[in-house]
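Please read the structure below before turning to the comments.
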Number of protein chains: 2
Amino acid sequence: MAAKTPTMKDVARLAGVSVQTVSCVVNGTGSISTRTRQRVLRAIDELNYRPDPIARSMRTRQTRLIGLLVLDITNPVHSVIAEAVESAAHANGYKVILYNVSNSPERERESLEAVAEGLVDGLVIVNSVDRERTLRFLAEEEILSVLIDCQSDFSVPTVMVDNVRAGYVATEHLIRLGHRRIAHISGSAPMIISQQRLEGYRRALADHGLTYERVVYLMKASWDWDFASGYRAMRELLEGDPRPTAVFAASDQMAIGAYRAIVEAGLRIPQDISVVGFDDIEAAAYATPPLTTIRQPFTDMAASAVATLLRLMDGQRAEETLHILPFELVVRGSTAEAPQ
Amino acid sequence: MAAKTPTMKDVARLAGVSVQTVSCVVNGTGSISTRTRQRVLRAIDELNYRPDPIARSMRTRQTRLIGLLVLDITNPVHSVIAEAVESAAHANGYKVILYNVSNSPERERESLEAVAEGLVDGLVIVNSVDRERTLRFLAEEEILSVLIDCQSDFSVPTVMVDNVRAGYVATEHLIRLGHRRIAHISGSAPMIISQQRLEGYRRALADHGLTYERVVYLMKASWDWDFASGYRAMRELLEGDPRPTAVFAASDQMAIGAYRAIVEAGLRIPQDISVVGFDDIEAAAYATPPLTTIRQPFTDMAASAVATLLRLMDGQRAEETLHILPFELVVRGSTAEAPQ
DNA sequence: ACCGCAAAAGTGAACGTTCAATTGAACGTT
DNA sequence: AACGTTCAATTGAACGTTCACTTTTGCGGT
């Protein structure tokens, strides 16, 4: 019984015109008399015809699909970016194929391999486990792509905030509150954004003549950036002597993980220890106390990335290869004057 | 210059065989002598040939793509499910197209419309803004699909936990701690899971002869389930007199939002008010205090959904249409004996 | 009347793959 | 030596569109 899905041929037959005419009506190309257009449209409606995207892609050699290669979709930062990418893509008639790397180099390789099959017209990459390899692969396979939070040496356009500056501002905020012993919980060590935020932290300390520098590096990629690693890092910091009066964490999730360690140690935020995060995820405002953090314009970043990618796919070379968007320090209740 | 991507024809020419032979080698079908297979493989390697997925789909009439229609990817529950769906799909050689509904009926309709174009072989739906319409559409367009957290009256397979029972267990946990005034922050009212969790709450009260019943319903879909709505709901509850000594929130996000309202009111958790959440998202364990909650087996749910969908796409009718997976009460520091 | 020209519609091929049918060769059996 | 069977490989068509051309129609100007 199951009525086979109708094709253009069926529509053409019913409307008494050629297949090509139907195609023109559907795509709004060529010139069609109003009379026949009506007939065709009625036929389309009657059969509930929908053009086959596969056949169309076959012919046009483009799929109107973009890939979204994301380090870890369960990370709130990434899921917010994913939402915005999907939204921007949708607004431009593109669909999104989700490649979730799950923090695994293996999965990243597989995903890139899958992308190289040519199913997608372009690729948005949100961070990367193995940056060098990824960039090499993109170049070799000539995959049109745009990076978010993962800078390129070559010609792949990148969207980021100025992470060095942001790290500087976050740290300086603590310094201005009188803190002299400020620690830093760094993100995954090989990642550019970790390095840049760390660099900003260091520069701020240096510019203000502070010599106390304590950094916890996180090495296991699969643990990085999340609650658990922030928790473990903070415990490590609390064992140090003298212990810091303030901490700048490279992500909000790690900051909130650090909260846990601080509270467990019987210390109070911000009376005993001030905490600054990074990202301003939704949970930051609802943490106890609300988290002071650096707000990244994730939606704008994603929109900008998609816009750039669309331009690239349109054949235009990117004019500017590095798009820097503004961040913002959001002061909440997790930071206060340094204790005496 | 840009070397056009090679096709089977190129491989065939180089290897000195027919196109069909190449096809057989690539797909491992038919019988090919080891000698020619070697030759073909070498040619494939030399040209860096990759089969064109579009052309393949054109012929086979299947895309090895599944759609993931998700209410709101920024919701941690949904992003965890998305991760698991993508992972399970990947493991079975499928790719995932992400349709993010963003809590909007409009977007849900558009996404379903897009799915109906026939790009995907099947669809996983994680909750729905307009359940009735969605189910009707699926039936009309004969879209193979599986639901998560969104029950069907008809024949669409569904994966869920027993939300009534879970709501009951969560409430009973509070009752056992001696609480007599227990409020409930409900999720989006039209959603099945909201209704079921509420039902469980009510039954537990009834079974234990408690008459204090206070429910905050959230109506605006775009606000539901998140921190902000939990916060607002809790403020409302705190204005009531007598105020509850315990709250069961229909999601962890709302529970954590409620935390904020409780702390702002100068009350302590759990000494003054106990809180139970639902879902056991990662943040629950790192909240201050750690949140007692109902753990849902999201990864299993997603895996089960994908497995069912694959079976469906394989032409097998679903044997069981409702898959109920086990939940678990996780007791943490947000619940304690009722104050005197 | 005739020509020219634009608008409207049609035709056949092509996109890269797989399917169904077929050929050719190799080999053992009677 | 003729025959059937299996294995190896080939051939031509088809999947549903769109593209590049061609044909037909209609219409105004000289």
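Note on naming: letters A, B, ... go to the chains in the order of the sequence lines (proteins, then strands), and numbering restarts at 1 for each one. Small disclaimer: the values here were computed from a predicted structure and weren't measured.
- OP1 or OP2 of C:dA8 has not a single side-chain nitrogen or oxygen of A:Thr21 nearer than 4.0 Å.
- The separation between B:Arg13 atom CZ and D:dA9 atom P is 20 Å, rounded to whole Å.
- Below the 3.5 angstrom threshold, one finds no donor paired with an acceptor across the side chain of B:Arg59 and the base of C:dT17.
- When heavy atoms are screened at a 4.0 angstrom cut-off, A:Val17 is found touching the sugar-phosphate backbone but no base atom.
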Exercise for the section: Please step through salt bridge (charged side-chain N to carboxylate O under 4.0 Å, His left out) for the pair B:Asp72 and B:Arg107, ending with a clear verdict. Expected result: CA-CA 11 Å; B:Asp72 175 13; B:Arg107 288 286 270 111; over 6 Å; no
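- In a base pair of the Watson-Crick type (N1 to N3 plus N6-O4 or O6-N4) or a G-U wobble (N1-O2 and O6-N3), with each distance short of 3.5 Å, D:dG29 is matched with C:dC2.
- Across every strand in view, C:dG28 sits in a pair with D:dC3 that passes the Watson-Crick or G-U test at under 3.5 angstrom.
- When all heavy atoms of B:Glu86 and A:Asn100 are compared, the pair lying nearest together is OE2-N, 3.2 Å.
- Counting non-hydrogen atoms under 4.0 angstrom, B:Ser33 reaches the backbone sugars and phosphates but no base.
- Rounded to an integer number of Å, the gap from B:Arg64 CZ to C:dT17 P is 17 Å.
- Separating the CD1 atom of A:Ile54 from the P atom of D:dA14 is a distance of 21 Å, rounded to the nearest angstrom.
- Summarising the geometry of B:Ala89 relative to B:Val306, their closest heavy-atom pair is N-CG1, 4.2 Å, with the distance given to 0.1 Å.
- The distance between atom CZ of B:Arg37 and atom P of D:dC7, rounded to the nearest whole Å, is 14 Å.
- The nearest whole Å value for the distance from the CZ atom in B:Arg56 to the C1' atom in D:dA14 is 17 Å.
- As rounded to whole Å, 9 Å separates atom C1' of D:dA14 from atom NZ of A:Lys9.
- Atom CE in A:Met8 sits about 16 Å away from atom C1' in C:dA14, given to the nearest Å.
- Nearest-nucleotide mapping onto DNA chain D: of B:Thr60 and B:Cys24, the residue sitting toward the 5' end is B:Cys24.
- Between the CG atom in A:Leu69 and the OH atom in A:Tyr99 there is a gap of 8.5 Å [rounded to 0.5 Å].
- Note that CG of A:Leu135 and CD of A:Glu140 are 11.5 Å apart. Values are rounded to the nearest 0.5 Å.
- Across all strands shown, A:Thr36 has heavy atoms under 4.0 Å from sugar-phosphate atoms exclusively, and none from any base.
- In this structure, A:Gln62 places its CD atom 15 Å from P of C:dG16, rounding to the nearest Å.
- Along DNA chain D, the nucleotide nearest B:Ser18 and the nucleotide nearest B:Arg61 are compared for position; the residue whose nucleotide lies closer to the 5' end is B:Ser18.
- The nucleotide whose nearest atom lies closest to any side-chain atom of B:Gln20 is, among D:dT17, D:dT10, D:dA20, D:dT10.
- If you check C:dA9, C:dT11, D:dA9 against the side chain of A:Ile32, the one that comes closest is C:dA9.
- Proximity note for A:Thr7 (side chain, C-beta onward) versus D:dC19, D:dT17, C:dT17: the nearest is D:dT17.
- Contact annotation: A:Ser31 reaches the phosphate of C:dA8 (side-chain N/O to OP1 or OP2, under 4.0 Å).
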